[in-house]
Amino acid sequence: MAKQTFKVAGITTHGTITKVRFTDDLVRRVKQFSKGGASRIDLMELPNEMSKLEALAYLQAHADFQSPSDQATISDSIADKTKEATKGTVKVKVTKAKAKPSIDAIKARAKKELTPEQILAAALHNVDPA
């Protein structure tokens, strides 16, 4: 899977919802948020293309986003993106493989003698006769 990068990041507020946003087209997104009635649109161009986690770290250190509410919003986003990044990881527990039985051990197993009635009853009731 390719690592997605962005050129622009910032914080927007719609009503009471404040979010960190990422995009590649600053002008288009500012127009979208303005049309949508956003009360705050603080987007900025990043120094280079960055992943979401890299952009969040950059925003967290930037002077324009040092208010306690901005820092809380960015910290929440970092926690979400970190959790999302590890979502696909699978932990595998390695166990010892069981030893396969030898041919002699298989041959030494006791055979059950079944009557024709037992086989017929098992077939009618769809169960294993053994």
Worked check of side chain to side chain contact (heavy atoms under 4.5 Å, CB included) between Ile11 and Lys19
CA-CA 6 Å; Ile11 295 178; Lys19 290 185 177 182; over 6 Å; no
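Here Leu120 contributes atom CG and Gln118 contributes atom CD; the two are 11.0 Å apart, rounded to the nearest 0.5 Å. Distance check, rounded to the nearest 0.5 Å: CE of Met50 to CD of Gln4 gives 15.0 Å. Note that the OG1 atom of Thr18 and the CZ atom of Arg40 stand 7.0 Å from one another [nearest 0.5 Å]. Separating the CG atom in Asp42 from the OG1 atom in Thr13 is a distance of 8.0 Å, to the nearest 0.5 Å. Remark: Met44 CE to His62 NE2 distance equals 3.0 Å, nearest 0.5 Å. The CG atom of Asp24 sits 6.5 Å away from the OG1 atom of Thr5 when rounded to the nearest 0.5 Å.
A salt bridge is absent between Asp25 and Lys31: the closest approach of a Lys/Arg side-chain nitrogen to an acidic carboxylate oxygen does not fall below 4.0 angstrom.
Counting all heavy atoms, side chain and backbone alike, Gly10 lies closest to Leu59 at N-CD1, 3.9 Å. The shortest heavy-atom contact between His14 and Gly37 is CD2-C, 4.4 Å. Closest non-hydrogen pair, Leu46 versus Ala55, comes out as CD1-CB, 3.8 Å.
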N/O donor to acceptor pairs below 3.5 angstrom from side-chain atoms of residues 71-81, sequence neighbours left out:
residue: Gln71; atom: NE2; partner: Gln60; partner atom: O; Å: 3.0
residue: Gln71; atom: NE2; partner: Phe65; partner atom: O; Å: 2.6
residue: Thr73; atom: OG1; partner: Ser69; partner atom: O; Å: 2.9
residue: Ser75; atom: OG; partner: Gln60; partner atom: NE2; Å: 3.3
residue: Ser75; atom: OG; partner: Gln71; partner atom: O; Å: 2.9
residue: Ser77; atom: OG; partner: Thr73; partner atom: O; Å: 3.2

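Applying the 4.5 Å side-chain rule to ILVMFWY residues, one finds Val8, Val30, Phe33, Ile41, Leu43 in the same cluster as Leu26.
With a 6.0 Å radius and a threshold of 12 heavy atoms from other residues, nucleotides or ligands, Gln66 has its CD atom above the threshold.
Looking at Ser51 and Phe6, their side chains never come closer than 4.5 Å, going by heavy atoms from C-beta outward.
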